[in-house]
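What follows is a set of notes on a single structure, which appears directly below.
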Amino acid sequence: MNYWLFKSEPEAFSISDLAACPRKTDHWDGIRNYQARNLMRDQMKKGDLGFFYHSSCAVPGVVGTVEVVREAYPDHTALDSNAKYYDPKATVDDPRWVMVDLRLRRTFKRVISLQALKANDALAEMKLLKRGNRLSIQPVTEHEWQVIMAMA
DNA sequence: GCCAACGTTGGC
DNA sequence: GCCAACGTTGGC
């Protein structure tokens with residue numbers, strides 16, 4: 001059982017957008033970073049839980065939780081020349097990029113802001129808070145998970 | 001909009 | 001394989 005953090009810009013795809021999907025489930029497409037892809041492909045398992053994080057917005061922070069309901073499979077948007085995240089190097093035989101399906105579990109009543117996360121000493125080692133970290137999918141330790149859940 | 005930090009690309 | 005140039009991320 002692993003824990004993760006999924007970043008998304010709410011203007012592109014917010015937790016409300018996920019809530020509005022059928023069965024509150026959608027595929028997490030558009031990941032075009034090898035480190036993030038490898039985490040999805042090699043380590044992410046059905047039943048894993050994750051935080052939904054809003055970035056590049058007025059109050060960046062954790063806004064809820066999700067569950068991995070389908071493990072990594074090819075991200076077909078890489079093959080679509082009209083898609084935003086089209087990758088000309090992707091082919092049917094070698095799709096290069098993968099995605100998982102996520103189902104919304106919970107939307108927090110209030111955002112657990114980045115500011116609040118930074119102010120919590122128990123999270124000092126969290127990847128998200130390390131300088132210069134831009135990874136859009138990050139592993140979260142069980143301890144960090146518990147600490148943040150207690151802040152909700 | 002600024003800019004620091006990081007990833008990717010491509011010439012050599 | 002090096003590394004400069006460029007693009008992207010994301011907080012502020």
Side-chain angles (χ1 to χ4, degrees), chain A residues 2-21 26-44 48-68 71-102 104-141 143-152:
Chain A
N2 305 303
Y3 298 96
W4 306 97
L5 181 142
F6 297 88
K7 280 187 199 170
S8 184
E9 298 184 15
E11 284 191 22
F13 189 78
S14 73
I15 197 164
S16 312
D17 294 327
L18 182 58
C21 289
D26 203 3
H27 42 256
W28 201 257
D29 63 296
I31 300 298
R32 299 290 179 269
N33 170 284
Y34 290 107
Q35 235 183 310
R37 178 201 68 180
N38 294 347
L39 288 172
M40 279 198 292
R41 188 189 60 192
D42 304 333
Q43 296 186 43
M44 207 171 279
D48 285 358
L49 300 179
F51 289 122
F52 197 118
Y53 179 91
H54 280 174
S55 67
S56 295
C57 56
V59 185
V62 174
V63 291
T65 58
V66 295
E67 177 178 348
V68 176
E71 293 177 11
Y73 61 104
D75 181 346
H76 58 78
T77 67
L79 301 170
D80 177 359
S81 58
N82 294 316
K84 182 178 178 191
Y85 294 107
Y86 172 61
D87 180 353
K89 291 178 188 162
T91 64
V92 174
D93 289 337
D94 181 16
R96 283 184 110 212
W97 305 109
V98 300
M99 57 189 180
V100 296
D101 285 357
L102 299 180
L104 180 66
R105 289 199 111 205
R106 187 173 158 194
T107 301
F108 295 149
K109 286 185 181 149
R110 279 164 290 134
V111 181
I112 303 172
S113 69
L114 178 61
Q115 197 180 11
L117 297 173
K118 281 180 177 169
N120 192 328
D121 291 340
L123 301 174
E125 295 305 310
M126 195 175 177
K127 276 197 168 53
L128 178 75
L129 307 180
K130 295 285 187 183
R131 203 166 62 107
N133 195 311
R134 307 182 325 188
L135 203 56
S136 59
I137 293 178
Q138 305 181 3
V140 169
T141 67
H143 179 246
E144 289 160 355
W145 180 269
Q146 302 297 351
V147 168
I148 293 170
M149 288 305 277
M151 294 169 75

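Just so it is clear, the values below take in all heavy atoms, side chains as well, and ignore hydrogens, waters and symmetry mates. So that the names make sense, note that chain A is the first sequence line, chain B the second, and so on, each numbered from 1.
- Within a 6.0 Å sphere centred on CG of Asp42(A), heavy atoms belonging to other residues, nucleotides or ligands number more than 12.
- Relative to the side chain of Arg134(A), the nucleotides dT8(B), dG10(C), dC6(B) differ in distance, and dC6(B) lies closest.
- Residue-level contact check: Glu9(A) touches neither bases nor backbone, having no heavy atom under 4.0 Å from any strand.
- In this structure, CH2 of Trp97(A) is placed 11 Å from C1' of dG7(B), rounded to the nearest angstrom.
- Atom pair His54(A):NE2 and dG11(C):C1' shows a separation of 16 Å (rounding to whole Å applied).
- Whole-Å rounding puts the Ile137(A) CD1 to dG7(B) P distance at 15 Å.
- For the pair Leu129(A) CG and dT9(C) C1', the computed distance is 16 Å after rounding to whole Å.
- A side-chain donor from one of Thr77(A) and Arg32(A) sits under 3.5 Å from a side-chain acceptor of the other.
- The side chain of Lys7(A) approaches dG10(C) more closely than any other nucleotide in the set dG11(C), dT8(B), dG10(C).
- Atom CD in Gln115(A) sits roughly 8 Å away from atom P in dC12(C) (whole-Å rounding).
- Considering Val63(A), Val62(A), Asn120(A) in turn, Val62(A) is the only one that fulfils the side-chain contact (heavy atoms from CB on, under 4.5 Å) rule with Ile112(A).
- The distance from atom CD of Gln138(A) to atom P of dG10(C) is 9 Å, rounded to the nearest whole Å.
- Regarding Tyr85(A), its OH atom lies at a distance of 17 Å from the P atom of dG7(C), rounded to whole Å.
- Nearest nucleotide to the Lys89(A) side chain, out of dG7(B), dT9(B), dG11(C): dT9(B).
- Arg96(A) and Tyr34(A) are linked by a side-chain donor-acceptor pair at a separation below 3.5 angstrom, with hydrogens and angles left out of the test.
- Distance CG/Leu5(A) to CD/Gln138(A): 5.5 Å, rounded to 0.5 Å.
- Within the structure, a side-chain polar atom (N or O) of Tyr53(A) is placed less than 4.0 Å from OP1 or OP2 of dG11(C).
- Nucleotide dG10(C) holds its C1' atom 13 Å from the CG atom of Leu5(A), rounded to whole Å.
- Nearest to the side chain of Leu114(A), among dG7(B), dG11(C), dT9(B), sits dG11(C).
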